Amino acid sequence: MGIFTIETITALITNALAKIANMTRWKKQLTVVSLDIILCILSILIAYSLRIGVWVYWDLAIQKVVLASLLLLIPIFYFSGVYNAIFRYAGSGMMKTLARAFMIYAAPMIIIFSVVGMAGVPRTIGVIQPIIFFIMVGFSRVTARYLMVDILGRNLFGGQVKTVLIYGAGSAGQQLASSMRSEPAMRLRGYVDDDRRLNGQKLDGDRVFWSGDLPDIISKYAITDILLALPKISRKKRRSIVDQIQKFKVHVQTLPNMKDIMDGQVSFNDIRELDIEDLLGREPVAPNELLLGRTIVGKTVMVTGAGGSIGSELCRQIVQSGARKLLLFELSEFSLYAIETELRRYAKNRDLGNIDIIPVLGSVTDAIRLQETLAYWRPDTIFHAAAYKHVPLVEANPVEGIRNNVLGTFELANAAHIAKVSDFILISTDKAVRPTNVMGATKRGAEQIIQAFAEKSETRFSMVRFGNVLGSSGSVVPLFRQQIEMGGPITLTHRDVTRYFMTIPEAAQLVIQAGGMAKGGEVFVLDMGKAVRIIDLANTMVQLSGLTVRSEADPDGDIEIQEIGMRPGEKLYEELIIGNDPKSTVHNRIMMARESHLDQADLDQLLSGFRKCRESEEAIGLLKKMVPEFDHQRDNEKVEIAS
């Protein structure tokens with residue numbers, strides 16, 4: 001065996017490249033300048049020799065060209081930014097910079113040697129030399145990038161290298177592949193596409209496989225990750241592809257929708273984990289612009305809880321829909337600052353500078369603050385999204401939950417009634433239907449207050465009821481993902497629990513449209529699609545992470561799923577309507593119902609009792625009188641509840 005094996009040669013090259021990579025910035029630039037000078041001289045020798053037909057290594061004519069070329073080269077390349085580029089990220093941007101610099105360089109060369117002419121120098125040198133020089137410099141940059149990324153980067157990378165397929169051989173997939181070339185942890189094996197005609201073709205040297213051969217491809221190339229580069233496909237199609245991949249032990253990630261990619265250019269940094277919305281397979285319905293506009297366009301709109309999950313999305317859509325003024329009413333200073341800053345930037349970037357965004361710090365339980373705010377700003381429409389919504393927290397703090405969700409709703413509704421606001425829309429929840437927990441009961445209580453005001457006020461009071469929204473605080477999806485990343489176990493309360501899910505933007509859009517249909521006193525119910533079994537969701541998330549579920553059938557699985565028991569007040573199944581006779585509306589995703597409520601005298605008496613109440617048990621007792629269908633699941637449990 002010789003001294004110079006492949007391993008020793010690779011090690012020598014790697015060490016040499018590492019020394020270059022560790023050089024100071026000015027030394028690197030000096031090295032590149034020196035390299036360009038050498039390439040310039042070589043290009044002159046090659047151009048001159050090609051022109052006269054014999055190899056000439058030095059004469060007076062060559063000296064003239066070298067002198068003129070170097071006097072042009074260094075200042076032009078320097079001021080064109082050629083030496084500010086980083087080789088390891090060489091790409092189309094660097095090539096554009098080089099092309100621009102060479103056009104500037106070639107112009108005087110052509111004038112001096114081709115147009116004017118110089119004794120002893122062939123006129124074609126002014127054209128041939130810049131072309132050869134550009135090819136050599138471009139090749140040097142590409143070679144340097146290959147050495148720094150593919151040789152040095154991958155040889156020095158000590159982590160686990162993932163073997164990757166990109167699903168989608170379109171422009172998004174090609175951009176993603178280009179971005180991945182600088183990722184030493186990723187080794188691209190090729191593309192997968194549903195178009196069988198592309199099978200066996202190559203894109204930038206990487207093979208395209210037909211999706212029908214996916215099982216064999218995953219096995220043959222030991223694929224660990226599949227990246228979905230399909231930003232324009234429908235949810236239904238994405239769900240179909242995910243179902244196909246789910247049975248293989250591979251980690252699946254995806255690009256977001258193209259509208260969510262800020263600059264329209266795909267990169268590896270855009271890749272994200274699959275969300276439940278990628279798995280729903282249900283398409284969002286295009287909004288009815290007339291319904292969107294009735295309560296918003298040209299109006300002053302107020303959103304309470306403006307910094308929350310639903311409140312903030314309502315604000316985004318209100319800004320986009322053409323409101324004249326938007327009042328952000330929020331208790332949390334940080335949340336108010338964050339949403340105000342985001343909305344001002346949003347309005348500026350989209351040239352929506354004609355809207356006034358007004359931040360208002362305050363609590364919905366503060367009657368004086370509410371009445372002063374409404375009297376001063378005179379809003380036309382109020383979306384009431386402020387509420388305590390976390391079931392266990394409200395269960396442990398029922399007095400505060402009632403004060404915020406019930407009394408706060410009354411104070412806001414009363415202020416709206418006094419100020420003669422045109423429209424008032426309460427954001428409610430499916431947990432208000434036959435509630436089994438304090439939070440749900442407080443929201444049903446809030447609904448009854450709105451129904452009572454609807455009968456006596458000029459204001460159109462209505463409410464919109466829907467289930468879980470994806471991405472809201474406390475959502476199960478990020479919790480499961482965190483548990484998977486930690487190696488498990490995934491904890492769920494019961495294997496038979498089902499929930500309805502909807503994306504936040506879709507929910508907010510439907511809320512606005514429901515408000516546009518209100519005449520007063522209606523309960524609008526959003527069509528949430530099919531209920532999802534939470535254990536099925538957990539299984540899917542584990543499998544799409546490239547892992548397996550540990551069970552009796554597979555005791556060596558990666559992630560265990562544990563049942564921890566139902567939380568106080570939690571239901572197995574959520575409902576959306578108290579009665580059995582929902583009415584259709586002009587929107588196929590919005591139903592309408594009218595439900596009974598307490599008369600005004602009984603309601604006033606209960607509200608008076610809530611204001612005086614300081615003890616948890618007393619507060620829950622009053623809540624049961626307000627919401628007779630409230631079946632509190634903790635009645636027979638000895639659980640310490642904070643007052």
Side-chain angles (χ1 to χ4, degrees), residues 157-167 185-187 189 192 209 211-228 238-254 271-281 391-392 468 470-471 474-501 530-568 570-574:
F157 180 70
Q160 182 180 3
V161 177
K162 299 176 181 178
T163 310
V164 181
L165 285 175
I166 293 177
Y167 203 118
M186 297 283 179
R187 179 174 290 114
R189 280 297 185 186
V192 177
F209 300 96
S211 58
D213 295 330
L214 200 53
D216 295 333
I217 299 164
I218 291 173
S219 175
K220 180 178 179 180
Y221 295 103
I223 301 300
T224 61
D225 290 68
I226 294 180
L227 309 180
L228 302 182
R238 187 184 300 273
R239 179 62 202 256
S240 173
I241 292 171
V242 169
D243 286 344
Q244 177 190 0
I245 300 173
Q246 184 178 335
K247 54 193 170 187
F248 307 115
K249 192 177 178 181
V250 292
H251 183 200
V252 182
Q253 293 176 290
T254 185
I271 285 289
R272 61 166 173 80
E273 298 292 338
L274 284 168
D275 284 331
I276 188 175
E277 60 191 276
D278 297 311
L279 312 177
L280 288 177
V391 171
N468 299 275
L470 303 168
S475 175
V476 71
V477 175
L479 173 62
F480 283 178
R481 183 171 297 129
Q482 182 183 30
Q483 290 174 335
I484 291 169
E485 289 172 355
M486 294 174 64
I490 289 178
T491 56
L492 52 86
T493 55
H494 194 286
R495 63 175 49 251
D496 293 328
V497 166
T498 62
R499 291 292 181 265
Y500 294 100
F501 289 99
K530 293 182 179 179
V532 177
R533 290 183 77 223
I534 302 300
I535 192 168
D536 292 342
L537 173 62
N539 277 305
T540 298
M541 290 185 67
V542 171
Q543 291 166 348
L544 293 175
S545 297
L547 304 170
T548 56
V549 176
R550 190 181 308 157
S551 62
E552 291 182 3
D554 186 8
D556 297 323
D558 303 299
I559 304 291
E560 181 184 4
I561 297 178
Q562 288 183 357
E563 289 185 71
I564 58 175
M566 300 285 285
R567 296 180 299 183
E570 187 176 24
K571 288 181 177 181
L572 278 176
Y573 314 103
E574 297 291 4

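Remember, it's a predicted structure, so these values are computed and weren't measured experimentally. Every heavy atom of this structure was used, including side-chain atoms; hydrogens, water molecules and symmetry mates were not.
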Gap between atom CG of Asp216 and atom CZ of Phe209 - 0.5 Å precision | 11.0 Å
Rounded distance [0.5 Å steps], CG in Asn539 versus CD1 in Ile561 | 4.0 Å
Flag side-chain contact, heavy atom, 4.5 Å: Leu165 against Val250 = no
Between atom NE2 of His251 and atom CG of Leu227, what is the distance when rounded to the nearest 0.5 Å?
-> 9.0 Å
Residues that Lys249 engages under salt bridge (charged side-chain N to carboxylate O under 4.0 Å, His left out), provided they are two or more places apart = Asp558
Nearest non-hydrogen partners of Ile490 and Gln483, listed with the distance = CA-OE1, 3.3 Å
Could you tell me whether the side chain of Leu492 reaches within less than 4.5 Å of the side chain of Leu537, counting heavy atoms only?
-> no
Just one of Thr491, Ile534, Val542 clears the side-chain contact (heavy atoms from CB on, under 4.5 Å) bar with Phe480, so which one?
-> Ile534
Go through the structure and list residues passing side-chain hydrogen bond (donor to acceptor under 3.5 Å, both in side chains) with Thr163, not counting sequence neighbours.
-> none
Report yes if some heavy atom in the side chain of Gln244 is under 4.5 Å from a heavy atom in the side chain of Tyr167; otherwise report no.
-> yes
Which distance, rounded to the nearest 0.5 Å, do you find between the CD of Glu563 and the CG of Asp496?
-> 7.5 Å
Output the distance between atom CD1 (Ile559) and atom CE (Met486), rounded to the nearest 0.5 Å.
-> 10.5 Å
Looking at CZ of Arg189 and CD1 of Ile226, how far apart are the two atoms once the value is rounded to the nearest 0.5 Å?
-> 14.0 Å
Considering all heavy atoms of both residues, which atom of Ser211 and which atom of Val192 are nearest to each other, and what is their separation?
-> CA-CG1, 3.5 Å
Considering all heavy atoms, the nearest Gly557-Arg550 contact | O-NE, 3.1 Å
